[in-house]
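Single-structure report; data block below.
Basis for what follows: all heavy atoms, side chains included, without hydrogens, waters or symmetry-related copies. Because the structure is predicted, anything quoted here is derived from the model rather than measured.
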Amino acid sequence: MRLSITLQRFNPEQDAKPHDEEVRLDVRRGSTVLDLLIRVKNEVDGSLALRYSCRSAICGSCAMQINGGEKLACRTSVRRELERHGRLRIAPLDHLPVIKDLVVDMRPFWGKIRDVTPWMSTSTTGGIAREMSRESIPSGSGYHNVDACIMCGACVAACTVHEVSPRFAGPAALAKVDRFLSDPREPEKMKRARLAVLQEANGMWDCTRCNFCVEVCPKDVKPMEAIIRLRRASLDRGL
């Protein structure tokens, strides 16, 4: 089947702003969007910029906007997209600076992760806990699946709060805090310190519970539910 694909293109060395470009290509049965993009790059236009690695929905690097939704290109079926939308439009993730074509600058996303101290600490001074017995490690079920996050950035791109308030901590970072809050190896004083920081502006209370982060997460992390658990933990501690 020959298909017309709409790609959002942007080359900062040539373009003043992003623009749509139509590409026609024969589509093989069972193709994913990533398969299609790799063929476009190899057979039609070698200048197309995209980011991908594992092709198995593990690395998260091929997250992009497909027909208006944040998805992993490697696990998105072309056939299903056509059945649901009748077209195929591909663009980079929203709310992150575009470097070129479908490649976005992930530094703002990683900055949010760093801001929440993404490691286990033995004290409020930030010392990394190194001495942990195997018996002390909890079962994965206690994390409510938040440890399944692959850092693809889809939840931040879909977040309606981040759209109007870029300094908002964001779903991925807040879900990571919940992961440490669920870990019995970290001292209570550090957990309380984590929660205290998130009481400020751009913290957990800025979430409007739009649920988009839950809808787009490819690993069923349910970031909004993690944020609700953080709020309950704050109330339990009198914060």
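Val164 shares a hydrophobic cluster with no other residue; no ILVMFWY side chain has heavy atoms under 4.5 Å from its own.
The two residues Cys59 and Cys54 have their closest heavy-atom pair at N-SG, 3.3 Å. Nearest approach of Val214 to Lys222, heavy atoms of both residues: CG2-CA, 3.9 Å. The shortest heavy-atom contact between Pro118 and Lys176 is CB-CD, 3.6 Å. Listed here is the closest heavy atom pair of Leu25 and Val44: CD1-CG2, 3.8 Å. Closest heavy-atom contact between Cys155 and Cys213: CB-CB, 3.7 Å. Scanning both residues, Met64 and Ile90, for their nearest heavy atoms gives SD-CG2, 3.5 Å.
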Return all side-chain donor-acceptor pairs below 3.5 angstrom for residues 93-106, not counting sequence neighbours, or 'none' if the list is empty.
{"from": "Asp94", "atom 1": "OD2", "to": "Gln65", "atom 2": "NE2", "distance (Å)": "3.1"}
{"from": "His95", "atom 1": "ND1", "to": "Ala157", "atom 2": "O", "distance (Å)": "2.9"}
{"from": "Lys100", "atom 1": "NZ", "to": "Ser47", "atom 2": "O", "distance (Å)": "3.3"}
{"from": "Asp101", "atom 1": "OD1", "to": "Arg9", "atom 2": "NE", "distance (Å)": "3.0"}
{"from": "Asp101", "atom 1": "OD1", "to": "Phe10", "atom 2": "N", "distance (Å)": "2.9"}
{"from": "Asp101", "atom 1": "OD2", "to": "Arg9", "atom 2": "NE", "distance (Å)": "3.3"}
{"from": "Asp101", "atom 1": "OD2", "to": "Arg9", "atom 2": "NH2", "distance (Å)": "3.3"}
{"from": "Asp101", "atom 1": "OD2", "to": "Ala49", "atom 2": "N", "distance (Å)": "3.0"}
{"from": "Asp105", "atom 1": "OD1", "to": "Arg107", "atom 2": "N", "distance (Å)": "3.0"}
{"from": "Asp105", "atom 1": "OD1", "to": "Arg107", "atom 2": "NE", "distance (Å)": "3.1"}
{"from": "Asp105", "atom 1": "OD2", "to": "Arg107", "atom 2": "NE", "distance (Å)": "3.1"}
{"from": "Asp105", "atom 1": "OD2", "to": "Arg107", "atom 2": "NH2", "distance (Å)": "2.8"}

List the atom pairs, donor and acceptor, that lie under 3.5 Å between side-chain atoms in residues 109-116 and the rest of the protein, sequence neighbours left out.
{"from": "Lys112", "atom 1": "NZ", "to": "Pro166", "atom 2": "O", "distance (Å)": "2.5"}
{"from": "Lys112", "atom 1": "NZ", "to": "Phe168", "atom 2": "O", "distance (Å)": "2.7"}

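Side-chain atoms of Lys219 do not come within 3.5 Å of backbone N or O of Ala148 as any donor-acceptor pair. Remark: side-chain polar atoms of Asn67 are not paired, donor with acceptor, to backbone N or O of His85 under 3.5 angstrom. Not one N or O on the side chain of Asp45 forms a donor-acceptor pair closer than 3.5 Å with the backbone of Lys41. With hydrogens and angles disregarded, no donor-acceptor distance shorter than 3.5 Å links the side chain of Ser31 to the backbone of Val27. The backbone N or O of Leu195 sits less than 3.5 Å from a side-chain atom of Gln199, completing a donor-acceptor pair.
Taking hydrophobic clusters as Ile, Leu, Val, Met, Phe, Trp and Tyr residues chained together by side-chain heavy-atom distances below 4.5 Å, Leu34 shares a cluster with Leu82. Hydrophobic clustering, with ILVMFWY side chains joined whenever heavy atoms are under 4.5 angstrom apart, keeps Leu181 apart from Trp119. When hydrophobic clusters are built by joining Ile, Leu, Val, Met, Phe, Trp and Tyr residues whose side-chain heavy atoms come closer than 4.5 Å, directly or via intermediates, Val216 is not grouped with Tyr52. Linking ILVMFWY side-chain heavy atoms closer than 4.5 Å, directly or via other members, places Leu198 and Phe180 in two distinct hydrophobic clusters. Under a hydrophobic-cluster definition in which Ile, Leu, Val, Met, Phe, Trp and Tyr are linked whenever side-chain heavy atoms come within less than 4.5 Å, directly or via other members, Leu36 and Leu7 are assigned to the same cluster.
Scanning for side-chain hydrogen bond (donor to acceptor under 3.5 Å, both in side chains) contacts around Arg75 gives an empty result, with sequence neighbours left out. By the side-chain contact (heavy atoms from CB on, under 4.5 Å) test, Arg84 is found to be paired with no residue, residues two or more places apart in sequence or in another chain being considered.
Among pairs with a residue in residues 194-217, none fulfils ring-ring contact (aromatic ring centres under 6.0 Å, His included), at least two apart in sequence or across chains.
Here Cys74 contributes atom SG and Leu37 contributes atom CG; the two are 11.0 Å apart, rounded to the nearest 0.5 Å. Distance check, rounded to the nearest 0.5 Å: CG of Leu235 to CG of Leu230 gives 11.0 Å. Once rounded to the nearest 0.5 Å, the distance linking CD1 of Ile227 with CZ of Arg231 reads 7.0 Å. Between atom CE of residue Met224 and atom CG of residue Leu174 there is a gap of 12.5 Å, rounded to the nearest 0.5 Å. Taken to the nearest 0.5 Å, the SG atom of Cys152 stands 5.5 Å off from the CG atom of Leu72. Arg179 contributes atom CZ, which lies 6.5 Å from atom CG of Asp147 (distance to the nearest 0.5 angstrom).
Between Asp206 and Ser165, the side chains place no donor N or O within less than 3.5 Å of an acceptor N or O (distance only, hydrogens not considered).
Residues Glu188 and Arg192 are not paired through a salt bridge, judged by the lack of any N-O separation under 4.0 Å between the basic side chain and the carboxylate. A salt bridge links Asp26 to Arg2: one of the charged nitrogens lies within less than 4.0 Å of a carboxylate oxygen. With respect to Arg194 and Glu186, a salt bridge is recorded, a charged nitrogen being found less than 4.0 Å from a carboxylate O. Look at Arg39 and Asp35 and you find no salt bridge, because none of the NZ, NE, NH1 or NH2 atoms lies under 4.0 Å from a carboxylate O.
Around atom CZ of Arg24, more than 12 heavy atoms belonging to other residues, nucleotides or ligands sit under 6.0 Å away. Shown here is Arg28, whose CZ atom has no more than 12 heavy atoms of other residues, nucleotides or ligands within 6.0 Å.
Considering only heavy atoms from C-beta on, Glu43 stays 4.5 Å or farther from Ile38 through its side chain. Using a 4.5 Å heavy-atom threshold, the side chains of Thr32 and Val78 count as separate. Between Arg209 and Thr160, every side-chain heavy-atom pair lies at or beyond the 4.5 Å cut-off. When side chains are defined from C-beta on, Met120 counts as touching Arg185, because their heavy atoms get closer than 4.5 Å.
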Notebook entry, point to check: Is there a side-chain contact (heavy atoms from CB on, under 4.5 Å) between Cys62 and Arg51 once you walk through the steps?
Noted result: CA-CA 5 Å; Cys62 68; Arg51 185 182 282 141; over 6 Å; no
Margin query: Test side-chain hydrogen bond (donor to acceptor under 3.5 Å, both in side chains) on Glu81 and Thr76; report intermediate values, then the result.
Written below: CA-CA 8 Å; Glu81 287 297 311; Thr76 302; 5.4 Å; no
Next item on the list: Please test Asp236 against Arg232 for salt bridge (charged side-chain N to carboxylate O under 4.0 Å, His left out), starting from the C-alpha separation and ending with a verdict.
Entry: CA-CA 6 Å; Asp236 289 344; Arg232 288 173 179 163; over 6 Å; no
